[in-house]
Amino acid sequence: MIDVLETSDGWDWAITADRAGPVDRATFTFDAGPAGDDPRIYRHGYQSWSPSGEARLGVDVDPSSQPTLSLVRGMHHADPEPVTDPHQLRSELVTVVNGTCYGFLGGTDHDGTFRIRLRDGRIEVTVEAFLGGAHLAAGETRVLHPVRRFASLDDWAVAYGAANAARVDAPYQVGWCSWYHWFSEISEDALRQQLALAADWPFDVFQLDDGFQAQVGDWLDTNEKFPTSVDGIASSIRAAGRTPGIWIAPFLAAPASEVAQQHPDWLARHAATGDPLRGSYNDHWGGSVGTLDTTNPDVLAHLEHVGRSLVEAGFDYLKLDFTYAPSLPGIYADPTRTPAQRVRAGMEAVRRGAGDDAFILGCGLPLAQAVGVVDGMRIGADVAPRWDPPPQVWEGALYDGVAPSTANALRNTISRQFMHRRLWLNDPDCLMLRTSETELTPEQVERWALAVGESGGMALVSDDLALLDDGSRALLDRVLALGRAADAAVTAPS
């Protein structure tokens, strides 16, 4: 049974189970008014990489309406079931319809989706609380996150941040990241060379990305490319006057990792096969990797240990990636937990270990579960040393909007601009200032760099510094001047 109470500014609601068992979703529907000649909505994506922006009702389609990999659907929708009506558009967490913003005021207990369609010349909106098969006891009542009307996306972001204790006070972030030049081929030698070259660059943070770890899941041990331990690497970065930063994918574990080998019971399982639940796939990881079960107390203790150990090693800046993984459907130790609760529990465990002073950057993270845990948040797809995505990334080309490309990153930088300093510090993704060893034209390099500056969001360079010249440095100086001014304009009292 679903109880819905309409208030002056929205709806309060709850669900009570008629019988014991799994509950996938609760819904109610309202009329958002006449459609007009060209009805458009703000369609918001589920996690960092999911596309956001304007969409046209009756023209644009939901990408899940076309056959595609279930993992891709699970990554990019709170409710991974494909839609049967291709012109029903989904907006996660927040939307704008007919000039009114509608948004959930929480996301820690369950996800929220707006399903929007045309019906007889009007716009019909179905509000969905997605519980993802969480088991409820007979007669159990769960109060659902309220839904409210707002005059604008800005107003919603301010209200959501206030309701969820958003962490918005970290200083403007400037730094360097290894990923977009070396990708997984980064080595300790290359890292140390860059650290030496960075002496005259205005970087606060120096962040090592994917490629250092012994295995995905074994974050405290380095591989043969890094003869120095993680604490030794942090010490070298600190000695150069930079804040050490490191990347991990805390909820993933490769089959060969010590975590998976020693603790197979820590992995969530596929319902159909009982095999470890695939959380992602990357060739450079050796293929598929499993998903840690964040409803298992031992897993949460492990995640807390990882966060604490990395901070004790000297890394005060943690980039947590592929963090959607515990939201994927599967068999978990505690079946009463929703996908949202599984993601949030994992993030809170890392935060407990890392402590309140560490800077945590979320990536690949459902936005609803991020607020109040992260200090910075990736708001778009990965950039890339190319402007457009490749013609086909996954089976199901309608998901090309999630693919790594600078154009995709730019779209979300613009469409999620309103979140900066309301929910977290926006991370548009890295600057690439080089004009060689890239497919970007000099004009595209400048376009992206200035967009990052104008956004006021975080500014991390991801180049081999040996490829940069005086023009590159001058462009970075322009970016930082723009960025600091834009950031200050958001944080200044009204």
Side-chain angles (χ1 to χ4, degrees), residues 47-49 68-76 177-191 207-230 233 246-270 272-294 296 299 302-303 306 309-310 318-331 346 350 363-365 381-382 384 390 392-396 399 402-404 462:
Q47 51 114 315
S48 298
W49 312 323
T68 193
L69 298 172
S70 60
L71 177 60
V72 176
R73 288 202 315 272
M75 284 185 188
H76 293 289
C177 168
S178 63
W179 181 247
Y180 291 107
H181 183 83
W182 286 269
F183 297 95
S184 62
E185 298 304 310
I186 185 65
S187 67
E188 184 173 335
D189 284 345
L191 186 75
Q207 187 235 306
L208 173 61
D209 215 280
D210 184 8
F212 72 91
Q213 67 276 3
Q215 290 283 342
V216 169
D218 298 337
W219 308 113
L220 305 180
D221 297 317
T222 54
N223 58 41
E224 65 279 359
K225 296 181 298 173
F226 284 82
T228 303
S229 62
V230 290
I233 293 166
I246 198 166
W247 169 98
I248 62 172
F251 309 146
L252 301 180
S257 67
E258 288 189 13
V259 168
Q261 291 287 312
Q262 296 179 8
H263 303 284
D265 58 315
W266 286 6
L267 297 173
R269 300 280 165 175
H270 281 285
T273 66
D275 294 332
L277 179 64
R278 182 171 64 167
S280 191
Y281 179 98
N282 267 311
D283 288 336
H284 69 269
W285 293 344
S288 294
V289 293
T291 301
L292 293 183
D293 180 352
T294 55
N296 182 330
V299 169
H302 161 74
L303 293 170
V306 169
S309 297
L310 288 173
L318 305 180
K319 178 181 177 181
L320 311 185
D321 207 351
F322 294 88
T323 41
Y324 62 81
S327 73
L328 297 171
I331 298 174
V350 178
C363 188
L365 176 60
D382 280 13
Q392 187 83 14
V393 180
W394 293 293
E395 177 187 354
Y399 283 95
V402 312
S462 194

Q: Is the shortest side-chain heavy-atom distance between D321 and I248 below 4.5 Å?
A: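 In short, these two side chains do not touch, never coming nearer than 4.5 Å.
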Q: Does S462 use its side chain to pair, donor to acceptor, with the backbone of Y180 at less than 3.5 Å?
A: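 Present.
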Q: Roughly how far, to the nearest 0.5 Å, is CG of L267 from CG of L277?
A: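 The CG atom of L267 is 9.0 Å from CG of L277, to the nearest 0.5 Å.
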Q: Taking all heavy atoms of P255 and all of A260, pick out the closest pair and write down the distance.
A: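 Residues P255 and A260, closest heavy atoms: O-CB, 3.9 Å.
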Q: Donor-acceptor pair, D293 side chain versus D265 backbone, under 3.5 Å?
A: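 Such a contact is absent between D293 side chain and D265 backbone.
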Q: Taking the six-membered ring for Trp, are H76 and Y399 parallel (under 30°), tilted (30 to 60°) or perpendicular (over 60°)?
A: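 Judged by the thresholds at 30° and 60°, the geometry between H76 and Y399 is tilted.
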Q: Can any side-chain N or O of Q261 pair as donor or acceptor with the backbone N or O of V259 at less than 3.5 Å?
A: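 Checked: no pair found.
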Q: Do E188 side-chain atoms and T228 backbone N/O form a donor-acceptor pair below 3.5 Å?
A: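 Such a contact is found between E188 side chain and T228 backbone.
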Q: Report the distance from atom CG of D209 to atom CH2 of W182, rounding to the nearest 0.5 Å.
A: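 Interatomic distance, D209 CG to W182 CH2, rounded to 0.5 Å: 12.0 Å.
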Q: Give me the ring orientation class for F226 and F212: parallel if the planes are under 30° apart, tilted from 30 to 60°, perpendicular past 60°.
A: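 Perpendicular, since the angle between the ring planes exceeds 60°.
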Q: Mind checking the NZ-CG spacing from K225 to L191? Nearest 0.5 Å is all I need.
A: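 The CG atom of L191 is 11.0 Å from NZ of K225, to the nearest 0.5 Å.
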Q: Kindly determine whether I246 and L318 satisfy side chain to side chain contact (heavy atoms under 4.5 Å, CB included), including the steps that lead there.
A: CA-CA 5 Å; I246 198 166; L318 305 180; 3.7 Å; yes
Q: Locate the shortest heavy-atom distance separating A381 from A403; write the atom from each residue and the value.
A: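 Heavy atoms only, the tightest pair is CB-O, 3.7 Å.
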Q: Under the side chain to side chain contact (heavy atoms under 4.5 Å, CB included) rule, what do V350 and V306 come out as? Steps first, then yes or no, please.
A: CA-CA 7 Å; V350 178; V306 169; over 6 Å; no
Q: For H270 and P276, which heavy atoms make the closest approach, and how far apart are they?
A: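 Closest pair (atom of H270, atom of P276, distance): CD2-O, 3.1 Å.
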Q: Decide yes or no for P250 and H302: does some side-chain heavy atom of the first lie under 4.5 Å from some side-chain heavy atom of the second?
A: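 No, too far: nothing below the 4.5 Å cut-off.
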Q: Under the side chain to side chain contact (heavy atoms under 4.5 Å, CB included) criterion, do V216 and N282 qualify, and how do the steps go?
A: CA-CA 11 Å; V216 169; N282 267 311; over 6 Å; no
Q: Minimum heavy-atom separation for Q215 and A254, please, with both atom names.
A: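 Closest approach of Q215 to A254, heavy atoms only: OE1-CB, 3.8 Å.
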Q: Please confirm whether W49 and F322 have ring centers closer than 6.0 angstrom.
A: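 Ring centroids of W49 and F322 are less than 6.0 Å from each other.
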Q: Between CD of Q47 and CG of L365, what distance do you get to the nearest 0.5 Å?
A: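 If we round to the nearest 0.5 Å, Q47:CD and L365:CG are 8.0 Å apart.
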Q: Give me the atom names and distance for the closest heavy-atom approach of T323 to P326.
A: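 Looking at all heavy atoms of both residues, the closest pair is O-CD, 3.5 Å.
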Q: Run the side chain to side chain contact (heavy atoms under 4.5 Å, CB included) check on S280 and M75 step by step: do they pass?
A: CA-CA 9 Å; S280 191; M75 284 185 188; 4.3 Å; yes
Q: Looking at S178 and L208, would you say the former's side chain and the latter's main chain have a donor-acceptor pair under 3.5 Å?
A: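 Checking the backbone N and O of L208 against the side chain of S178, no donor-acceptor pair under 3.5 Å is found.
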Q: I'd like to know whether W285 forms a side chain to side chain donor-acceptor pair (under 3.5 Å) with D210, so could you lay out the CA-CA distance, the side-chain angles of the two residues, the decisive distance to 0.1 Å, and finally the verdict.
A: CA-CA 10 Å; W285 293 344; D210 184 8; 3.1 Å; yes
Q: For residues S288 and R278, report the shortest heavy-atom separation together with the two atoms involved.
A: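 Scanning both residues completely, I find the closest heavy atoms to be OG-CD, 3.0 Å.
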Q: To the closest 0.5 Å, what do you measure between CH2 (W266) and CG (L303)?
A: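 Output value for this atom pair is 8.5 Å.
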Q: According to side chain to side chain donor-acceptor pair (under 3.5 Å), who are the partners of D275, at least two apart in sequence or on a separate chain?
A: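 Listed in chain order: T273.
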Q: Does the plane of the ring in F183 sit parallel, tilted or perpendicular to the ring in W179? Use 30° and 60° as the thresholds.
A: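 F183 and W179: perpendicular rings.
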Q: Roughly how far apart are L292 CG and L252 CG, rounded to 0.5 Å?
A: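 L292 atom CG to L252 atom CG measures 7.5 Å (nearest 0.5 Å).
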